[in-house]
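All residue numbers refer to positions in the sequence shown, counting from 1.
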Amino acid sequence: MRRAVGPLLGLALLLLPLTAIEPRAWLTLTVAGLAMGMLIFLVAAGLSLIFGLMDVLNFAHGALFAWGAYAGFTVILLVNGRWGWAASPSVLANAGLLLLAVAGAAVVAFVLGIALERVIVRPVYGQHLFQILITLGATIVLEELIRIVWGPNDQVMPVPTAFQGSWDVADVVVLRFPVLAIGLGVLVYAGMRWLLGRTRVGLIVRAGVENSEMVQVMGHDIHRYFTGVFAAGSALAGLGGLMWGMFNQSIRPSMGGEQLIFAFIVVIIGGLGSVTGSLVGALLVGLSYNYVAYLVPKAAIGVTMAIMVLVLLVRPTGLFGSGK
């Protein structure tokens, strides 16, 4: 208990400057922080599946994030160029365009995930150094392919009309797209909790992590399940990339590497293999980043590292880590 007093006091001191923010600005920053947290969660959730459950250090996760963004960007351009759904006043057309873009981003990242797992990751299971080296190599290749196909310059990500603009709620400006991002993050979290905790597939995957040989003896091809988990984590990265691109209204080939840092911090804060931990960690990072960026812009990134250090001082396994 005494060991936890120091870190908790440090956290209280970090939160003290929030009292200097006006209530309206605080509410606006809170909505933006929740949206950013949910977008980070989409990436961290996939990384938590791959890193936490499968014990695979996948540094190509950021490249899959970027590929999802560019795949969704391409779908939007093709559909909008043919039917003009992005600028349509119809909410149904805008929602349909977004769903098609989400499907395109997830499918492309899913397929790439299958290819990566079978070709370069499967031979190095249990060898962390080789995993780091080979997935870093894959990152370089995937980013260069983006530059070849779409060009090296930033691209402007179109956002459907229905999701642009803001609402004025009690004199507080609430942007529409962040609210959409928050809702999507909640749906993804609920779906992952159900899949891992209430289905036969989730039971087999969790059992395979604990004792893969026993699962194999029982007649289940654990490699096939691991491929599915890796591909599902990759699809979440692709979905996160698309939503992040729409959030910032721009995409670039190197965007994945920047978000990968946040994703690893979130997974460490939340605890390996914990979906709830990834959600809580992502919200902590998103909120703290926006609050500090408003008060002291240059310290925004540093505060996320400070939170990680404080959490690890109190709980070395993370907030929801199992301690394995």
Side-chain angles (χ1 to χ4, degrees), residues 35-52 54 56-76 98 101-117 120-121 131-132 134-150 152 154-155 157 177 181 184-185 188-189 192 229-268 275 278-279 281-282 285-286 289 301 304:
M36 179 180 176
M38 284 300 188
L39 292 174
I40 296 173
F41 166 70
L42 293 178
V43 187
L47 188 64
S48 181
L49 284 176
I50 297 171
F51 183 27
M54 299 173 61
V56 172
L57 290 168
N58 178 28
F59 280 81
H61 202 73
L64 295 170
F65 175 91
W67 266 89
Y70 275 91
F73 167 75
T74 302
V75 170
I76 291 175
L98 179 62
V102 165
V107 168
V108 168
F110 186 89
V111 173
L112 285 174
I114 293 176
L116 287 175
E117 195 277 338
I120 69 172
V121 174
Q131 290 170 5
I132 294 172
I134 202 166
T135 54
L136 282 175
T139 297
I140 295 172
V141 172
L142 290 172
E143 287 189 1
E144 287 304 315
L145 286 175
I146 288 176
R147 291 185 174 93
I148 292 171
V149 176
W150 287 281
D154 294 11
Q155 301 284 351
M157 172 69 82
F177 191 81
L184 180 61
V188 170
Y189 170 73
M192 291 182 67
V229 170
F230 194 96
S234 301
L236 287 174
L239 174 59
L242 170 65
M243 298 302 291
W244 189 264
M246 296 185 75
F247 184 66
N248 288 321
Q249 297 186 19
S250 67
I251 55 177
R252 55 184 178 277
S254 62
M255 62 186 290
E258 300 164 4
Q259 296 309 311
L260 187 63
I261 298 173
F262 281 113
F264 269 111
I265 290 174
V266 163
V267 171
I268 293 171
V275 177
S278 294
L279 176 64
V285 169
Y289 183 90
I301 296 179
T304 61

Of all heavy-atom pairs between [X] and [Y], which one has the smallest distance, and what is that distance?
{"X": "Ala109", "Y": "Ser234", "result": "CB-O, 3.2 Å"}
{"X": "Ala138", "Y": "Leu116", "result": "CB-CD2, 4.0 Å"}
{"X": "Pro253", "Y": "Ala66", "result": "O-CB, 3.9 Å"}
{"X": "Ala105", "Y": "Gly238", "result": "CB-O, 3.7 Å"}
{"X": "His61", "Y": "Val43", "result": "NE2-O, 3.1 Å"}
{"X": "Phe262", "Y": "Val285", "result": "CD2-CG1, 3.6 Å"}

Starting at [atom1] of [X], measure out to [atom2] of [Y] and round the result to the nearest 0.5 Å.
{"X": "Thr304", "Y": "Tyr289", "atom1": "OG1", "atom2": "OH", "result": "8.5 Å"}
{"X": "Leu47", "Y": "Leu260", "atom1": "CG", "atom2": "CG", "result": "6.5 Å"}
{"X": "Phe177", "Y": "Gln249", "atom1": "CZ", "atom2": "CD", "result": "9.0 Å"}
{"X": "Leu236", "Y": "Ser48", "atom1": "CG", "atom2": "OG", "result": "10.5 Å"}
{"X": "Met157", "Y": "Ile76", "atom1": "CE", "atom2": "CD1", "result": "5.0 Å"}
{"X": "Asn58", "Y": "Gln131", "atom1": "CG", "atom2": "CD", "result": "9.0 Å"}

Pairwise side-chain contact, [X] with [Y], heavy-atom cut-off 4.5 Å (strictly under):
{"X": "Asn248", "Y": "Met255", "value": "no"}
{"X": "Met36", "Y": "Trp244", "value": "yes"}
{"X": "Ile134", "Y": "Val121", "value": "no"}

- Worked check of side-chain contact (heavy atoms from CB on, under 4.5 Å) between Trp67 and Ile146: CA-CA 7 Å; Trp67 266 89; Ile146 288 176; 3.5 Å; yes
- Residues passing the side chain to side chain contact (heavy atoms under 4.5 Å, CB included) test with Leu184, sequence neighbours excluded, are Leu42, Val188, Leu239, Met243
- Task: Look at the aromatic rings of Phe73 and Tyr70 and report parallel, tilted or perpendicular, splitting at 30° and 60°.
- Result: perpendicular
- CA sep, side-chain torsions, deciding dist, call: Val56, Glu117, side-chain contact (heavy atoms from CB on, under 4.5 Å): CA-CA 10 Å; Val56 172; Glu117 195 277 338; over 6 Å; no
- Query: In this structure, are over 12 heavy atoms from other groups packed under 6.0 Å from Leu136 atom CG?
  - Reply: yes
- Message: Going by side chain to side chain donor-acceptor pair (under 3.5 Å), name the pairs with one or both residues in residues 138-150, residues two or more places apart or in two chains.
- Response: Thr74-Trp150, Glu144-Arg147
- By side-chain hydrogen bond (donor to acceptor under 3.5 Å, both in side chains) - contacts of Thr135 (at least two apart): none
